[in-house]
Structure formats: C-alpha cells, structure tokens
Amino acid sequence: SKQVLKGIISFASLIGNWLKEADEKGLLKKNLDYKEISNFIVISLNGASALYAAVRKESIWKETIDQLKFYINQLKKE
C-alpha cells in the first residue's frame, strides 16, 4: 500500500540523513551515494523480515545484521 511505501521511503531517508551527518563529521569515505546505500540497507532489512516471517529462523536476523555491519564498516574512512 501507499502508506507502507511511504514508511519505507521515510526510513531510507532517515538513514541517508545519518550517513550525511557522519560524512560531515569526516567519518566516511568520499563520494558515497547516500540514497543508494540507504535504499540497500532498507531493502536488506525488508527482505530479511519477509524471510523471517516465512520461516521464523533466528539466524536470518543475525546473519543479516552481521552482514549489514560489515557493509557499513566498509563505508568508514580508514
């Protein structure tokens, strides 16, 4: 529905704002596309939630969060 899509877009926008704030503090690598990154994070979480709802396997959440942490750490300056 439109409200679900609006919520997803708002959540992605919030993540994008956090990324921009982190960049302004000098924490991130240069030339990152905040919109693509935030969309990827939201899509990953959405996919994991759908899969979890279908099979109720805790490892889905753990693996998703672990991989998102790894991905986000790759965005940081070294």
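The model shown is predicted, which means the values in this text are computed figures rather than measured ones.
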Open item on the list: Using 0.5 Å steps for rounding, measure from the CG atom of L28 to the NZ atom of K20.
Closed with: 13.0 Å
- [ ] Could you pull out all residues at least two apart from K57 that satisfy side chain to side chain contact (heavy atoms under 4.5 Å, CB included)?
- [x] V55, S59, I60
Please list, one pair per line, the donor and acceptor atoms closer than 3.5 Å that link side chains of residues 69-78 to other protein atoms, with sequence neighbours excluded.
from	atom 1	to	atom 2	distance (Å)
N73	OD1	K76	NZ	2.9
N73	ND2	K69	O	3.2

Task: By side-chain hydrogen bond (donor to acceptor under 3.5 Å, both in side chains) - contacts of E58 (at least two apart) - done: Y52
Task: Test salt bridge (charged side-chain N to carboxylate O under 4.0 Å, His left out) applied to K62 - qualifying residues, sequence neighbours left out - done: D66
Task: Side-chain cluster (under 4.5 Å, hydrophobic types only) that L5 belongs to, other residues - done: I9
Task: ring pair (Phe, Tyr, Trp, His ring centres under 6.0 Å) contacts touching residues 7-30 (sequence neighbours left out) - done: none
Task: Partner residues of L27 under the side chain to side chain contact (heavy atoms under 4.5 Å, CB included) criterion, sequence neighbours left out - done: A22, K25
Return a table of donor-acceptor pairs under 3.5 angstrom between the side chains of residues 38-48 and protein atoms on other chains or two or more places apart.
from	atom 1	to	atom 2	distance (Å)
S38	OG	A12	O	3.2
S38	OG	Y34	O	2.9
S38	OG	K35	O	3.1
N39	ND2	K35	O	3.3
S44	OG	F40	O	2.8

TODO: Compare all side-chain heavy atoms of L32 with those of D23 and state whether any distance is below 4.5 angstrom.
DONE: no
TODO: Check salt bridge (charged side-chain N to carboxylate O under 4.0 Å, His left out) between E63 and all other residues, then give those that pass, not counting sequence neighbours.
DONE: none
